[in-house]
There are 4 protein chains.
Amino acid sequence: MTSPAPGRPLRADAQRNRAKVLAAAEEVFADLGTSASTEEVARRAGVGIGTVFRHFPTKESLLEAVLVTLVERLAGEAEELRAADDAGAAFFGFFSRVVAQAAAKQAVTEALAEAGVDARGVTGRAGPGLKDAIGALLVRAQRAGAVRSDVEAGEVMALLAGMSYAAGHAGVGSDVLRIAFDGLRPR
Amino acid sequence: MTSPAPGRPLRADAQRNRAKVLAAAEEVFADLGTSASTEEVARRAGVGIGTVFRHFPTKESLLEAVLVTLVERLAGEAEELRAADDAGAAFFGFFSRVVAQAAAKQAVTEALAEAGVDARGVTGRAGPGLKDAIGALLVRAQRAGAVRSDVEAGEVMALLAGMSYAAGHAGVGSDVLRIAFDGLRPR
Amino acid sequence: MTSPAPGRPLRADAQRNRAKVLAAAEEVFADLGTSASTEEVARRAGVGIGTVFRHFPTKESLLEAVLVTLVERLAGEAEELRAADDAGAAFFGFFSRVVAQAAAKQAVTEALAEAGVDARGVTGRAGPGLKDAIGALLVRAQRAGAVRSDVEAGEVMALLAGMSYAAGHAGVGSDVLRIAFDGLRPR
Amino acid sequence: MTSPAPGRPLRADAQRNRAKVLAAAEEVFADLGTSASTEEVARRAGVGIGTVFRHFPTKESLLEAVLVTLVERLAGEAEELRAADDAGAAFFGFFSRVVAQAAAKQAVTEALAEAGVDARGVTGRAGPGLKDAIGALLVRAQRAGAVRSDVEAGEVMALLAGMSYAAGHAGVGSDVLRIAFDGLRPR
DNA sequence: CATGAATGAGGCTTCATTCAT
DNA sequence: TATGAATGAAGCCTCATTCAT
């Protein structure tokens, strides 16, 4: 999804290293911000710097891969809630969980922001995927009368990004989320 | 925390240079992000790099000064609205204007986030100043029945930071703000 | 001087791979200069990087092998002209052809220069081989009265290297060669 | 001639350092080839690596400056001979001296080759300057009957580059030069 | 034997900071 | 004080070489 000659399935050990690097990068960028050094990623992954660059030929491509991974994971979580009994609980629960994750990892916030700005962004095709999944959750919650009907997926994503940022930077708890949720409910 | 031997009141021309540097820094960091070089600040201020470091001995201290300036400016704006006739309009209008500013300058968002994390933060004593000013606006709006009574100044600041982030990064308009405002109104 | 356990005659497919690598290397170094990467050689040879290093344990040894090949090829061409009818035409024709080759492949120039610096050089025993072959051509041309008699093989090789360099780098045509040829003719 | 804001005359010490770096670069590239590292240049100049990059913001620009310097120096030497009594001696003497310099410094050869390929090259406007100076020497020598009349400045430069290469790489003495000179004399 | 993943030294370049002018 | 040249640590990236598969 990022670079090696498309087609070749990648040896087992290489696959493992790629995963290690990606995981380390997610951690490092979460802890130290996206300006953290590639060397730090290599160190924390327990591989040589060359290995990082073999899998992700550019720092930017590594960052991109991390964001894509994050966005896909969130989309997956949203997907699973599609069949939940209580559509309102599913929607608000998803929202809360995302914000909670973001409180620990600022990369999540960036991923959300990127994903919201549509396909042009770094997150490529993963962005729309997340938007669709969220849109599905939203529509069901609206049909169930748990969310006001004049809101769209794009607005929800922006709200999500904003609340995630607030959670991660402004040191806030669920109080603020409560306000946003009330704003989303039918009047 | 900003540098020259405390006490000496700073010659007039030095004072002027300090201001030029600060203004240039605000502009540069807004345009290019906080990773812009100090050299660029000097260039845009029309002074030598040495002058920048004489007034702000560290890049971090320069950044800090910019944030403090921003916070103080916002606090000033809030202050002026204290006597407005329509307390609700004052509150929501202030909120909107801040978010609009942030859409153009990400530094505003950072300033807000910093200011919210209380006095220990980088913004020192300016943070509480803003919080107080916003608190005053909030209380008056609550008394006027325009804002629900179970919200506190800290929550408003967090919401403000989040919405500012969303406005600057997620490419959103006033739709999202409307949701937040509805959440703030009495039910 | 080229690597595998001396003695073992090299399996047929290995032999083939060695040849493929050598050919690719000649091409790559001609196109991209000697600072081209070994990886590129492997790619163009259609083999793995490991294979390149199995046959030529060092980039330098690969370069050396390319030069030796080139020198041997030139020596072969000179050899074939030994029996030509017109000794003068044979000599000058050979000279012209070498320079024309060099215009396209700077490696040829390097090979010539190396070969001229005698046996100690990188081209090992191949250098003297070329020198001898050129010497034979020279002597016959001198006997035929086409080349002045006070010139030696070493000087011819140096002249050849110089003209080859000029052809490849200074963007020159046959005009310069004409000057050199006039200098070689009897007065 | 290479980078700092055109106009500002450069402080005295900076001027001195720039010269030191340029001299060191000339030496290093002569000794180790143009692929020598910038760090080595800094080391030999006795300055920090940052100083090298302050004066020449790119390795390429440093190389260019070295070549330009060389070409200008040669042009200067040619210029001085314009008024010599013996036009033939001036021409051949200049030629010999250039080749002798090149024997020690391969950068000279590169400079010559670059300069010959006209203004498009790295040597910019310095190339034509050298060509003109050599042309003047040539014409006077031709008028004096020391050089054949059907040769042009471009051909002389190519010959010069070729002989310089030969002198530096093929380990040759004045024997080869003699051949070239005979080729240049009227028949 | 062939493959290509892993390694890490080393190269180029940027930039915060110091200091001579 | 102001200036801007000097410094060198640190970042990104390349590539020859090694080694597990």
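From a predicted model like this one, the values you see are computed outputs, not experimental measurements. Lettering follows sequence order; numbering is per chain, from 1.
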With a 4.5 Å heavy-atom cut-off, do A/Phe29 and A/Leu62 have their side chains touching?
yes

Is the shortest distance from a Lys or Arg side-chain nitrogen in C/Arg44 or C/Glu26 to a carboxylate oxygen in the other one below 4.0 Å?
no

Could you state the CZ-P distance from A/Arg43 to E/dG8, rounded to the nearest angstrom?
13 Å

In whole angstroms, the gap separating P of E/dG4 from CD of C/Glu40 amounts to 15 Å

Distance, rounded to the nearest Å, where A/Glu39 contributes CD and F/dC12 contributes P:
7 Å

Does any nucleotide pair with F/dA20 by Watson-Crick or G-U wobble geometry, both distances under 3.5 Å, and what is it?
E/dT3

In whole angstroms, how far is the P atom of F/dA20 from the CD atom of A/Gln15?
21 Å

Is A/Thr38 near enough to F/dG11 that one of its side-chain N or O atoms lies under 4.0 angstrom from OP1 or OP2?
no

Judged by nearest nucleotide, the residue sitting upstream toward the 5' end of DNA chain E, C/Gly50 or B/Ala36, is C/Gly50

Under 4.0 Å: is that the gap between some side-chain N or O of C/Asn17 and OP1 or OP2 of E/dA2?
yes

Round to the nearest Å and state the distance from D/Leu62 atom CG to E/dG11 atom C1'.
14 Å

Taking only side-chain N and O atoms of B/Thr51, does any of them lie within less than 4.0 angstrom of OP1 or OP2 on F/dT3?
yes

From CD1 of C/Ile49 across to C1' of E/dT3 the rounded distance in Å is 11 Å

Would you say A/His55 reaches E/dA6's phosphate, i.e. side-chain N/O to OP1/OP2 under 4.0 Å?
yes

Of C/Leu32, C/Val66, C/Ile49, C/Val21, which is the lone residue that meets side-chain contact (heavy atoms from CB on, under 4.5 Å) with C/Val41?
C/Val21

Look only at the side chain of D/Thr58 and the backbone of D/Ser61, and say whether a donor-acceptor pair between them is shorter than 3.5 Å.
no

How close or far is atom P of F/dT18 from atom NZ of C/Lys59, stated in whole angstroms?
15 Å

Within the distance-only criterion (no hydrogens, no angle test), does the side chain of C/Thr51 pair as donor or acceptor with the backbone N or O of C/Val47 below 3.5 angstrom?
no

Nearest-Å distance for atom pair CZ/C1', residues A/Phe53 and F/dA16:
18 Å

Of the candidates F/dA5, E/dA6, F/dC13, the side chain of D/Asp13 sits closest to F/dA5

